[in-house]
Amino acid sequence: MKITVKLFATFRQGRFKIAEQDVPEGTTIADVLDTLAIEVADVGMLFVNGRHAEPEQRLAGGVVLAIFPLVGGG
Amino acid sequence: MLSHEELQRYARHIVLRDIGGPGQQALKAARVVVVGAGGLGSPILQYLAAAGVGTIGIVDDDTVSLSNLQRQVIHGTPDIGRPKVASARDAILRLNPHVTVEAHAIRLDATNARNVLSGYDVVIDGTDNFATRFLVADACEALERPLVAAAVIEFYGWVTVLMPYATGPDGSRNPSLRAIMRQPDDGRAQTCAEFGILGVVPGILGTLAAAEALKLVLGLGMPLVRRMLTVDVRDMSIDALDYEGEPATGTELT
């Protein structure tokens, strides 16, 4: 199934800003993070189609997954 | 009432149909507090002061250091070593003597946050650590105060408005900070000291945050509630992400 992954801030460096990915059925957000070499502990916000999500949740085809790092400087 | 001098000072506001004399009066009557007088706090405080926000609170327990000055533009070289609240207060009063500044040279904690923030109509968070960010967000939720939250690192930043005590157009409760963001150990979070920050980035996000605060005071336009504006200065792109807090039911996200 196809999903769209959007990365934000420092996660873009050496990766991409937005990409369509072909992933197996049953793929979780944590699986996607793994393939991107992003550690769960470095993630600040996860949204699937604009709705807050947790790493262990499974994705459906066609969704947009947005991944933010822990940006908290001032 | 606005004095003759104030009418002149704010003439470009007053000529705006959506502000006018009543809007400028509302700004003068408003009490807005800025947590953190650093990179984000600097432009926020400058624009609130210039706009004529009548009472401006500043919360910061830090002193000005040389490495701050590349981005914390409210402070100057002669201010090194001074408390940031004192330096910022002097700069604000130089800019606009019609403004009252309330300086809180303290670090917010669970014992004082609600007491300090309850005295204000709008809260703006420009702190540099997640512990304070969540403390401020929790206090604003309990006090039912709108919170303009902004954050920066490297070439990036985000800004949003949190009003979790209110409902949105669909009748559901707006999400809280905790409903959209995980509170990390501060050791894990990216800090400007460790990762660096291009000086103009907090300038951009700070002015966006100040604009949101002025809109909230004036009841103007659409605040960034349930919407996060993200800025990437490397390719100079701005994205707006509409978000909801509640997780979908079941394990599959559709």
Side-chain angles (χ1 to χ4, degrees), chain A residues 1-21 23-33 37-74, chain B residues 35-36 38-41 125-133 150-158 175 179-186 188-197 201-202 205-206 226-228 230-232 234-235 237 239 241-248 250-254:
Chain A
M1 62 182 184
K2 287 199 177 351
I3 61 166
T4 302
V5 179
K6 289 173 101 170
L7 300 178
F8 289 87
T10 46
F11 285 164
R12 289 178 174 175
Q13 288 171 24
R15 298 190 185 89
F16 55 84
K17 210 166 132 178
I18 182 165
E20 195 171 79
Q21 298 201 329
V23 297
E25 296 285 333
T27 293
T28 65
I29 295 174
D31 295 333
V32 177
L33 293 173
I38 292 173
E39 286 190 51
V40 171
D42 291 327
V43 174
M45 290 179 280
L46 289 169
F47 296 103
V48 173
N49 290 346
R51 191 168 283 272
H52 170 78
E54 298 290 340
E56 60 274 15
Q57 289 179 293
R58 282 191 294 128
L59 297 165
V63 296
V64 178
L65 169 64
I67 308 170
F68 286 77
L70 288 163
V71 173
Chain B
V35 185
L40 288 164
D125 181 13
T127 48
D128 60 358
N129 67 88
F130 280 94
T132 308
R133 286 185 179 281
V152 291
I153 198 79
E154 292 189 11
F155 306 96
Y156 314 102
W158 58 261
I180 59 165
M181 194 178 293
R182 192 173 53 82
Q183 181 173 4
D185 302 332
D186 266 309
R188 196 81 198 182
Q190 301 175 348
T191 65
C192 294
E194 187 188 352
F195 280 72
I197 177 82
V201 174
L205 275 299
R226 298 185 184 214
R227 175 166 258 220
M228 183 167 285
T230 69
V231 177
D232 178 342
R234 285 167 74 98
D235 61 6
S237 62
D239 292 288
L241 178 100
D242 293 311
Y243 63 81
E244 298 290 333
E246 296 76 19
T251 53
E252 187 171 71
L253 294 163
T254 54

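Given the structure is predicted, the values throughout are model-derived calculations rather than measurements. Within every chain, numbering begins at 1; the chains are lettered A, B, ... in the order of the sequence lines, protein sequences first and strands thereafter. FYI, side chains are in, hydrogens and waters are out, and symmetry mates aren't considered; it's all heavy atoms of this structure.
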Is D235(B) in contact with chain A via its backbone, its side chain, both, or neither, using a 4.5 Å heavy-atom distance?
side chain
Side chain / backbone / both / neither for A66(A) at chain B, heavy atoms under 4.5 Å
side chain
Between L241(B), I197(B), L205(B), who has the most heavy-atom pairs with chain A when the cutoff is under 4.5 Å?
L241(B)
Suppose we screen for salt bridge (charged side-chain N to carboxylate O under 4.0 Å, His left out). Which residues come up paired with R234(B), at least two apart in sequence or across chains?
none
Between N129(B) and T127(B), do the side chains contain an N or O donor and an N or O acceptor separated by less than 3.5 Å?
no
If one checks every heavy atom of R182(B) against chain A at 4.5 Å, the contacting part turns out to be both
Sort V64(A) into side chain, backbone, both or neither according to what part of it lies under 4.5 angstrom from a heavy atom of chain B.
neither
I'd like to know if the side chain of R15(A) and the backbone of A37(A) have a donor-acceptor N/O pair within less than 3.5 Å.
yes
Side chain, backbone, both or neither: which part of K6(A) has a non-hydrogen atom closer than 4.5 Å to chain B?
neither
Does R226(B) reach the main-chain N or O of P175(B) with its side chain, forming a donor-acceptor pair under 3.5 Å?
no
Distance-only, no hydrogens or angles: does the H52(A) side chain make a donor-acceptor pair with backbone N or O of A179(B) under 3.5 Å?
yes
